[in-house]
Every structure is written in C-alpha cells, then in structure tokens.
Amino acid sequence: MDLVTKEIFDKMVEAYEEKTKILEREIELLKAEKTVDDQDEERKKESGLSGNTYDMLQQLTRGVK
C-alpha cells in the first residue's frame, strides 16, 4: 500500500470510528427517551385519569412541549 492510499484508508477508518461513536450515543439517547416515555405511560395508567386529562395535567406541570 503506498503512502497516499494508506493515509486515505486511515482517514476513512477514523471517520468510520467517529460515525460509530455518534450512532452509539444516539442509540443511548433514544433508549433513555423510550424509558421516560414508558415511565410516563405507566404513571398515566396508575393515575386513573383519562388519557387527555393526564396529558393536560402533564403539560401544566412540565410546560407545553
């Protein structure tokens, strides 16, 4: 492998590793978001309120999204 090809290959590997780190972080964030959504859904069921009433109450306490 000549020097130019090796440099290009090294840059490609570096870019791939960076992209992999970004995607892994996005997966972590999506899992955390899903956990929060699941907890909200569980709280909604436990509250005994109708879905709309619970959602309005959440908007008032958290601020409208």
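- Here Ile8 is tied into one hydrophobic group with Val4, Met12, each link being a pair of ILVMFWY side chains closer than 4.5 Å.
- At a threshold of 4.0 Å, the pair Asp37-Lys34 does not count as salt-bridged, since none of the basic side-chain nitrogens sits closer than that to a carboxylate oxygen.
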Donor-acceptor pairs under 3.5 angstrom involving side-chain atoms of residues 24-32: please list them, not counting sequence neighbours.
unit_1: Arg25; atom_1: NH1; unit_2: Glu28; atom_2: OE1; d: 3.2

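- Here side chain to side chain donor-acceptor pair (under 3.5 Å) pairs that include residues 10-23, with residues two or more places apart or in two chains, are Lys6-Asp10.
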